[in-house]
**Student:** 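My structure is below; once you've seen it, I'll send some questions.
Numbers here simply count residues along the sequence, with the first being 1.
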Amino acid sequence: MRPYAANYGGHQFGHWAGQLGDGRAITLGAVARPDGPLEVQLKGAGPTPYSRTADGRAVLRSSVREFLCSEAVHHLGIPTTRALALLTTGAPVLRDMFYDGHAAYEPGAIVVRVAPSFLRVGNFELFASRGELDTLRALVDHTLRVHFPGCDGPVAMLAEVAERSAHLAVAWQRVGFVHGVLNTDNLSVLGLTLDYGPYGWLEGYDPDWTPNTTDAGRRRYRFDHQPSIVGWNVARLAEALLPLVGAPEPLQEALDRYGAVVEPAYRQMRCDKLGLGPFRPEDAALLREQDAVLQLVETDYTLFHRALATVDPPEGADDDVWLAPLADSWYAAPDAAARARIAAWLRAWRARARDHEPDAAARRAAMDAVNPLYVLRNWLAQLAIDRAAAGDADGITELLEVLRRPYEVQPGREAFADKRPEWARSRPGCSMLSCSS
């Protein structure tokens, strides 16, 4: 075991911020495995030489959120760092959750997390910004040797990072996950979901929604902007590698891989959620209309797609029969005009879905395989946090068990698939989060 802390820089909210610290992280060492190392890291254990003026510690609420969400994302089938353990420290930590001058002491905690590597774009950016090319070259050589053995240099590595990042962004959109703070220091070069802070799960469908109060004005990291931001971040990695490559053209060609992958992957993901099979050009209109339909009335993103798989009324059924399966996904009843438009979309969708797969049961199975029933809604996480703060960890354990089987119906656990309750609409920790969360 050779513990160390790694410093990094990054672009925060689109602006270069210089050295940012160490992410409150201390890597203890790595477990050697046939398919590569697995790093073991403490998050929130205390200061390091890169902590600047911070204490390097973490509070219980943020640690519970990372512990639960990294595991939830893994079981949804999305690449991520993992959580090995969650520990309370017994030491209070002073935090100002919303940076508004209302600091308070909170229970301290540590997440023990694991990943093949916690390297991020910001690690490479920092050395490039300082002109420390020997260190940058050593970092690139290490990354190639250990994590990208099939790549013959930084250009090939960039192309691989671009492709992995594209698939990661599409996977987030599939399940309605909003990272909340996609600065370059929070983007893994291995294509893993990294650093769980002010994240949220899309509940009422709003493409402009962000869970991060710090981003409430610009909404840079809103739901529908995530694929663009991930591509922007990968471009910053290309800039960091430029001093080693010398010419921009090869890097631009590698960077183009992102757009070449993310656009068709995104379209196909949308079709898979609707049970349409391979994307057809005429599907674009159906997908655009779905976006509009989901916003006619506040509609739960997760529950809508699960319920949609059950919509298969007999020919000639009236609008009420078509709409009935979706009732539980709405936060309010649609008016007459909205009901007519939703029903028209449903008829068009069912005709296209039947053209691909006539068997309703097979179609439902395919849709249920990509549309989860259980996701880590912020209000569920907050209830578990409240119980943990009172000394009861059973809420964490129970929620984790549900999230390990997100695509399966779990009898007796219907409450974990409920819509957001009204009390959670504006409660801190449920709808209002910050980078301290």
Side-chain angles (χ1 to χ4, degrees), residues 64-65 67-78 80 82-83 86 171 174-177 199-205 272-275 294 298-314 317 320-333 346 349-350 353 357 359-388 390 392-425 427 429-430:
V64 170
R65 285 172 56 79
F67 178 81
L68 284 173
C69 200
S70 58
E71 288 303 289
V73 168
H74 168 75
H75 289 288
L76 285 165
I78 300 171
T80 179
R82 300 288 303 277
L86 171 64
R174 175 175 64 84
V175 299
F177 175 74
Y199 64 78
W201 296 84
L202 198 63
E203 294 186 281
Y205 180 74
D272 291 343
K273 286 181 73 66
L274 298 180
L294 287 172
E298 189 177 11
T299 305
D300 190 280
Y301 183 81
T302 297
L303 295 181
F304 174 88
H305 286 96
R306 285 291 291 204
L308 184 64
T310 69
V311 176
D312 194 41
D320 288 344
V321 176
W322 280 91
L323 297 171
L326 301 178
D328 287 341
S329 71
W330 294 324
Y331 287 85
L346 288 171
W349 161 76
R350 207 266 299 267
E357 175 53 75
D359 184 81
R363 186 167 65 247
R364 179 174 182 176
M367 293 173 67
D368 285 352
V370 296
N371 292 319
L373 177 58
Y374 305 97
V375 295
L376 183 60
R377 299 167 184 270
N378 275 332
W379 65 272
L380 290 173
Q382 189 60 46
L383 290 177
I385 291 167
D386 292 344
R387 290 177 63 179
D392 178 7
D394 288 349
I396 297 172
T397 304
E398 185 178 17
L399 186 49
L400 181 60
E401 283 300 310
V402 172
L403 296 170
R404 282 175 171 153
R405 294 184 288 136
Y407 299 97
E408 301 175 26
V409 175
Q410 300 178 44
R413 289 174 164 169
E414 291 80 7
F416 292 94
D418 280 349
K419 295 192 296 289
R420 178 195 61 236
E422 195 59 31
W423 60 260
R425 185 178 291 273
R427 181 182 170 182
C430 300

**Student:** Roughly how far, to the nearest 0.5 Å, is CG of Leu202 from OG1 of Thr299?
**Tutor:**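 One finds 10.5 Å between OG1 of Thr299 and CG of Leu202.
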**Student:** Of all the heavy-atom pairs spanning His305 and Leu274, show the shortest one and how long it is.
**Tutor:**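 Shortest heavy-atom separation between His305 and Leu274 comes out as CD2-CD2, 4.2 Å.
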**Student:** How about Glu398 and Phe416: do any of their side-chain heavy atoms sit closer than 4.5 Å?
**Tutor:**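 Yes, side chains in contact.
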**Student:** Go through it in stages, so that I can follow the logic: the residues are Leu380 and Tyr374, the test is side-chain contact (heavy atoms from CB on, under 4.5 Å), and I'd like the CA-CA distance, side-chain angles, deciding distance and then a yes or no.
**Tutor:** CA-CA 11 Å; Leu380 290 173; Tyr374 305 97; over 6 Å; no
**Student:** Can you name the nearest heavy-atom pair linking Val311 to Trp349, along with the distance?
**Tutor:**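 Scanning both residues completely, I find the closest heavy atoms to be O-CZ3, 3.6 Å.
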**Student:** Please tell me if the side chains of Asp368 and Glu408 come closer than 4.5 Å, counting only heavy atoms from C-beta onward.
**Tutor:**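 Answer no - side chains too far apart.
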**Student:** I'd like to know if the side chain of Trp201 and the backbone of Gly176 have a donor-acceptor N/O pair within less than 3.5 Å.
**Tutor:**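 Pair absent, no side-chain N/O of Trp201 close to backbone of Gly176.
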**Student:** Check whether Tyr331 reaches the backbone of Arg420 with its side chain - one donor and one acceptor, N or O, closer than 3.5 Å.
**Tutor:**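 Confirmed, Tyr331 side chain pairs with Arg420 backbone.
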**Student:** Do the side chain of Glu71 and the main chain of Leu403 share a donor and acceptor less than 3.5 angstrom apart?
**Tutor:**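 Not a single qualifying donor-acceptor pair exists.
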**Student:** Mind checking what makes side chain to side chain contact (heavy atoms under 4.5 Å, CB included) contact with Pro406, not counting sequence neighbours?
**Tutor:**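 Side chain to side chain contact (heavy atoms under 4.5 Å, CB included) check on Pro406 returns His75, Leu76, Pro372.
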**Student:** For Ile78 and Arg174, run side-chain contact (heavy atoms from CB on, under 4.5 Å): C-alpha distance rounded to whole Å, both residues' side-chain angles, the deciding distance at 0.1 Å, then the answer.
**Tutor:** CA-CA 10 Å; Ile78 300 171; Arg174 175 175 64 84; 4.0 Å; yes
**Student:** Contact between Leu400 and Phe67 at the side-chain level, heavy atoms closer than 4.5 Å - yes or no?
**Tutor:**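 Contact flag for Leu400/Phe67 side chains = yes.
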**Student:** Nearest 0.5 angstrom please: Leu399 CG to Ile385 CD1, how far?
**Tutor:**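 Atom-to-atom, Leu399:CG and Ile385:CD1 are 10.0 Å apart.
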**Student:** How far apart are the closest heavy atoms of Leu86 and Ile396, and which atoms are they?
**Tutor:**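 Looking at all heavy atoms of both residues, the shortest contact is CD2-CD1, 4.0 Å.
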**Student:** What are the two closest non-hydrogen atoms of Ala415 and Trp379, and how far apart are they?
**Tutor:**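 That would be O-CH2, 3.9 Å.
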**Student:** Minimum heavy-atom separation for Arg427 to Asp386, with atom names?
**Tutor:**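 Arg427 and Asp386 have their closest heavy atoms at NH2-OD2, 2.8 Å.
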**Student:** Parallel under 30°, tilted from 30 to 60°, perpendicular over 60°: which one fits the rings of Tyr301 and Tyr205?
**Tutor:**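 Judged by the thresholds at 30° and 60°, the geometry between Tyr301 and Tyr205 is parallel.
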**Student:** For a 4.5 angstrom cut-off between non-hydrogen side-chain atoms, does Arg350 reach Leu346?
**Tutor:**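 No, side chains not in contact.
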**Student:** Could you pull out the closest heavy-atom pair between Thr80 and Ser70, with the gap in Å?
**Tutor:**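 Distance-wise, the nearest heavy atoms are CG2-O, 3.4 Å.
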**Student:** Answer whether the closest heavy-atom distance between the side chains of Phe304 and Leu326 falls below 4.5 Å.
**Tutor:**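 Yes, at least one pair of side-chain atoms sits under 4.5 Å.
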**Student:** Evaluate Asp312 against Arg363 for side-chain contact (heavy atoms from CB on, under 4.5 Å), listing each step before the verdict.
**Tutor:** CA-CA 10 Å; Asp312 194 41; Arg363 186 167 65 247; 3.3 Å; yes
**Student:** Are the side chain of Gln410 and the backbone of Arg405 linked by a donor-acceptor contact shorter than 3.5 Å?
**Tutor:**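 Checking the backbone N and O of Arg405 against the side chain of Gln410, a donor-acceptor pair under 3.5 Å is found.
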**Student:** Quick check: does any side chain N or O of Asn371 sit under 3.5 Å from a backbone N or O of Lys273, one acting as donor and the other as acceptor?
**Tutor:**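 Flag set: sc Asn371 to bb Lys273 pair under 3.5 Å.
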**Student:** Below 4.5 Å, heavy atoms only, C-beta onward: do Arg65 and Asn378 meet side chain to side chain?
**Tutor:**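 In contact.
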**Student:** Does the side chain of Asp300 reach to within under 4.5 Å of the side chain of Arg377, using non-hydrogen atoms?
**Tutor:**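 A side-chain contact under 4.5 Å exists here.
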**Student:** Going by heavy atoms in the side chains, are Arg306 and Val409 under 4.5 Å from each other?
**Tutor:**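 They are in contact (side-chain heavy atoms under 4.5 Å apart), so the answer is yes.
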**Student:** Carefully, step by step, assess Glu401 and Arg413 under the rule side-chain contact (heavy atoms from CB on, under 4.5 Å).
**Tutor:** CA-CA 10 Å; Glu401 283 300 310; Arg413 289 174 164 169; 4.0 Å; yes
**Student:** Run the salt-bridge test on Glu298 and Arg425 with the 4.0 Å N-O cut-off and return the result as yes or no.
**Tutor:**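 Yes, Glu298 and Arg425 are salt-bridged.
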**Student:** With rounding to the nearest 0.5 Å, note down the distance linking CG in Leu323 to OG in Ser329.
**Tutor:**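 Taking CG in Leu323 and OG in Ser329, the distance rounds to 10.0 Å.
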